[in-house]
Amino acid sequence: MEIKKLIEKYEGEMIACRQDLHMHPELSFEEFETTEKIIAVLKDLGIEYRKTEPTGVIADIKGGSDGPIVALRADMDALSVNELNENLSYKSKNEGKMHACGHDSHVSMLLCAAKVLNDIKDTLKGTVRLIFQPAEETAGGAKAQVEQGAMENVDNIFGMHIWSNIPTGKISCLVGSSFAAADFFTVDFKGKGGHGSMPQQCIDTAVMASSFVMNVQSIVSREISPLKSAVVTIGKMEVGSRFNVIAENAKLEGTSRTFEYETRDKVEDSIRKFAQYTATMYGGKANVDYTRATPPVINDKESALLAQKIIKESFGEDSLIFEEPTTGGEDFSYFLEKSKNGGAFALVGCGNPEKQTNAAHHNGKFNVDDDALKYGVELYVKYAKEYLDKQ
Ligand code: NI
């Protein structure tokens with residue numbers, strides 16, 4: 001049976017699965033029930049699987065002939081958000097928790113893809129690895145699964161995110177960067193406290209910290225090429241204790257976003273340099289703690305073009321769109337970094353104003369248009385099959 005027909009056959013089960021997961025959301029690394037539900041389906045299909053710790057599942061569908069391994073990834077966690085969709089028959093039953101980013105749809109699409117791929121496994125020229133990833137929202141899940149061998153021998157990986165900002169039926173897959181590296185940092189300034197009336201005897205970290213905040217603005221405008229992009233945000237400042245006491249300590253916290261490894265290095269170096277020089281200028285000291293969190297998601301050309309070809313052939317020329325890269329982070333990048341031959345990540349539209357499924361992600365009114373799921377599954381299945389075919 002052709003792939004579209006198989007998807008049609010399983011579509012009802014997929015939607016029911018999505019709505020069930022939506023009703024029972026679980027937070028990052030607490031996806032125990034979700035893990036069990038995934039395992040139940042895989043067991044039923046006779047697909048080999050193993051659990052990862054503490055949650056998550058990895059399964060292999062071995063094809064009719066030997067060949068490379070292509071991985072498909074779906075994240076599984078929900079958010080601490082109160083669901084505000086009052087009239088939804090499948091509204092969250094877990095108070096204060098909600099699938100407000102659509103990861104319920106990712107799991108159900110990948111499970112449906114598992115059914116279809118299992119049906120056509122004799123035609124696969126290699127292995128399809130299914131990665132059900134926990135804790136994307138806290139950016140710890142992909143890393144944990146990589147450490148547990150998720151990417152061992154994987155040649156290429158494909159992932160997707162349902163996207164409410166894109167209409168149902170449209171899909172975006174870019175060549176190059178699509179999600180930014182999301183890093184964070186703290187800067188501790190040390191000065192010398194004293195009476196607010198006698199600044200000449202002190203080293204004022206309030207002035208130092210303020211000056212630093214103004215100075216770092218020029219990293220993006222003066223240090224980075226105008227053809228590249230970056231964000232440097234200081235989100236928190238803690239300085240001083242009283243109106244007439246000169247502050248001895250200041251602590252600043254911020255985040256930076258960059259789309260390329262080179263820009264990321266440059267931004268980190270500049271933040272360190274600006275902190276040191278600013279402190280030195282005022283006679284104080286600075287200590288910078290810079291944490292490289294999620295790497296950027298960079299789709300290699302060949303993989304992205306394969307996804308684009310499938311989108312156009314399967315859903316029509318107009319269905320392929322090019323959504324701007326987002327400054328948000330996506331820990332799919334940890335898998336990409338470990339893939340032998342790269343991979344790609346797509347955004348699958350699920351926005352439909354008539355069904356009120358165009359609310360922002362992470363909003364209490366977020367919801368997924370179930371009609372969007374069939375597009376995602378077809379892309380998952382065909383990406384895996386065609387990647388193996390062309391090797
Ligand atoms: Ni998400």
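Starting from 1, each residue takes its place in the sequence as its number. Ligands are counted one by one from 1 in listed order, and the atoms in each one are counted from 1 as well. Hydrogens, waters and symmetry mates play no part in the numbers below; they use all other heavy atoms, side chains included.
Metal site remark for the Ni ion (ligand 1): H361 contributes no N, O or S atom at a distance under 2.8 Å.
Residues T255 and R257 bring a donor and an acceptor atom of their side chains to less than 3.5 Å of each other.
Draw a line from the Ni ion (ligand 1) to NE2 of H161 and another to SG of C101, and the angle between them is 100° (to 10°).
Judged by distance alone, with hydrogens and angles left aside, the side-chain atoms of T55 form no donor-acceptor pair with the main-chain N or O of P134 at under 3.5 Å.
The aromatic rings of H361 and F366 sit tilted, their planes meeting at an angle between 30° and 60°.
Restricting H103 to its N, O or S atoms, the one at the least distance from the Ni ion (ligand 1) is NE2.
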Below 3.5 Å, can you tabulate the donor-acceptor pairs from side chains in residues 220-227 to any protein atom, sequence neighbours excluded?
residue : atom : partner : partner atom : Å
E223    : OE1  : S270    : OG           : 3.0
E223    : OE1  : K273    : NZ           : 3.3
S225    : OG   : L227    : N            : 3.0

